[in-house]
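Each remark here refers to the structure printed beneath this line.
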Number of protein chains: 2
Amino acid sequence: MFKLSKKVEYALISISHIKSSNTDKPISVRQISDKYNIPNELLAKILQTLSKVQILDSIKGPKGGYRLKSSLKDLSFVEFIEILEGPFGIADCMVDTDCSQLLNCNIINPMDKINSKIYKVFSDIKLKQLT
Amino acid sequence: MFKLSKKVEYALISISHIKSSNTDKPISVRQISDKYNIPNELLAKILQTLSKVQILDSIKGPKGGYRLKSSLKDLSFVEFIEILEGPFGIADCMVDTDCSQLLNCNIINPMDKINSKIYKVFSDIKLKQLT
DNA sequence: ATATATACGAGTTTTTTTATCGCATTTAAA
DNA sequence: TTTAAATGCGATAAAAAAACTCGTATATAT
Ligand code: SF4
Ligand code: SF4
């Protein structure tokens, strides 16, 4: 409960790794998955996602891999999470999902306040700070 | 990802309900599970837990049910969560669980900072505010 | 006595998360 | 121009966590 997903962690690890590698040569999925002990195919998908949303540049073919997108604007952590996991919310009624308690719910107001607080924490954190 | 569990929500709904009922008569599991559309047996377990940790008083037999424990001190939300869900942490390495990335993890420091921030939000919120 | 309630451990089902597979496409290098 | 190394992508499977059920015991008001 209340855990960051591995997807998010793997993505952060990768971005951080690519950033700190200080090279123009693309970094392959294999290099990262080997070093950090991440399932290769899974990581591949995640980096594909990051490439689709303009966080990474992908280079195909041998010696290919990923580079940080130079034009990358600084995303907030919550935006980053939503790219990988969909809409953010600490309870079902705060995202799309419906909830059997919604009709009579007597805690939705406080829940909503908590949600805002957590959302704010994650908005104030920027991707660049994390990597 | 990053959702409060139903367990926590059901517990909050129940405490809130009992509190706002403004009566000395014990409230049965059935009353709550009916009103809020919560599986009865599941809610029973949750209230048993709350009774064991001195949040609720249980009264057995016909006309029995639960009352708020009069001596209840104001718990923080994080303490409340930990009663129901065990140790709090936004990543495996921050609780007991081990993590395949721990050895080379390049994001553990920022993760730890985020964890502290979220922990603080949940410490600053008191159960009484929520119900 | 009986019916209504909590107590509690064990077990099941469902949902979510994590991981794998198979095949296609691209492209650098031999 | 052939080959091998890499990404792209949809489908599927396995594992873990969350949600829920069941069976049996115990207490108590009527
Ligand atoms: S806050 Fe209430 S309505 Fe929203 S998800 Fe939780 S129980 Fe359902
Ligand atoms: S922060 Fe690093 S070590 Fe901790 S759980 Fe995440 S990946 Fe594992």
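Just so we're clear, the structure is a prediction, and the values are computed from it rather than from any experiment. Chain letters run A, B, ... following the sequence lines, proteins first and then strands; every chain starts at 1.
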Please tabulate, for side-chain N and O atoms in residues 110-120 of chain B, each donor-acceptor pair with protein atoms closer than 3.5 Å (sequence neighbours left out).
{"unit_1": "B:Asn115", "atom_1": "OD1", "unit_2": "B:Ile90", "atom_2": "N", "d": "2.9"}
{"unit_1": "B:Ser116", "atom_1": "OG", "unit_2": "B:Asp112", "atom_2": "O", "d": "3.0"}
{"unit_1": "B:Lys120", "atom_1": "NZ", "unit_2": "B:Asp124", "atom_2": "OD2", "d": "2.6"}

Nearest whole Å is fine: how far is [N] [atom2] from [X] [atom1]?
{"X": "B:Lys6", "N": "D:dA19", "atom1": "NZ", "atom2": "C1'", "answer": "10 Å"}
{"X": "B:Phe2", "N": "C:dT17", "atom1": "CZ", "atom2": "C1'", "answer": "16 Å"}
{"X": "B:Lys60", "N": "D:dA27", "atom1": "NZ", "atom2": "C1'", "answer": "5 Å"}

Next item on the list: Fit a plane to each ring of B:Phe2 and A:Phe88, take the angle between them on a 0 to 90° scale, and name the class: parallel (under 30°), tilted (30 to 60°) or perpendicular (over 60°).
Entry: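 Tilted: the ring planes of B:Phe2 and A:Phe88 meet at 30° to 60°.
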Margin query: Just N and O in the side chain of B:Tyr10: are any of them under 4.0 Å from OP1 or OP2 of D:dA19?
Written below: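 No, because none of the side-chain N or O atoms of B:Tyr10 sits under 4.0 Å from OP1 or OP2 of D:dA19.
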List the atom pairs, with distances to 0.1 Å, where a side-chain N or O of residues 60-73 of chain B and a protein N or O form a donor-acceptor pair under 3.5 Å, not counting sequence neighbours.
{"unit_1": "B:Arg67", "atom_1": "NH1", "unit_2": "B:Asp24", "atom_2": "O", "d": "2.6"}
{"unit_1": "B:Lys69", "atom_1": "NZ", "unit_2": "B:Gln54", "atom_2": "OE1", "d": "3.2"}
{"unit_1": "B:Lys69", "atom_1": "NZ", "unit_2": "B:Asp57", "atom_2": "OD1", "d": "3.0"}

Margin query: With no hydrogens and no angle check, just 3.5 Å: does a side-chain donor-acceptor pair link B:Glu79 and B:Ser76?
Written below: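 Side chains of B:Glu79 and B:Ser76: pair found under 3.5 Å.
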Next item on the list: Side-chain contact test, heavy atoms from C-beta onward, threshold under 4.5 Å: evaluate it for A:Ile13 versus B:Asn104 and give yes or no.
Entry: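 They are not in side-chain contact.
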Note to self: Could you work out, with side chain to side chain contact (heavy atoms under 4.5 Å, CB included) as the rule, every residue matching B:Gln129, not counting sequence neighbours?
What the structure shows: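 Partners of B:Gln129 under the side chain to side chain contact (heavy atoms under 4.5 Å, CB included) test: B:Ile125, B:Lys126.
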Checklist line | side chain to side chain donor-acceptor pair (under 3.5 Å) contacts touching residues 81-100 of chain A (sequence neighbours left out) | finding: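 The answer is A:Ser5-A:Glu85.
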Margin query: Here's a test of your reading of the structure: between A:Gly61 and B:Gly65, which maps to the more 5' nucleotide of DNA chain C?
Written below: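 Here B:Gly65 is the residue nearer the 5' end.
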Check: Is there a residue in residues 86-102 of chain B whose heavy atoms reach under 4.0 Å of DNA chain C, and which residues are they?
Finding: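 Contacts with DNA chain C under 4.0 Å: none.
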Check: In residues 37-58 of chain A, which ones come under 4.0 Å of DNA chain C, going by heavy atoms?
Finding: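 Those residues are A:Pro39, A:Glu41, A:Leu42.
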Next item on the list: Measure from the side chain of A:Lys63, starting at C-beta and using heavy atoms only, and say which of C:dA28, D:dA29, D:dT26 lies closest.
Entry: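 Taking heavy atoms from C-beta onward, the closest nucleotide is C:dA28.
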Next item on the list: Could you please name the option among C:dT18, C:dA7, D:dA19 that lies closest to any side-chain atom of B:Tyr66?
Entry: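 Taking heavy atoms from C-beta onward, the closest nucleotide is C:dA7.
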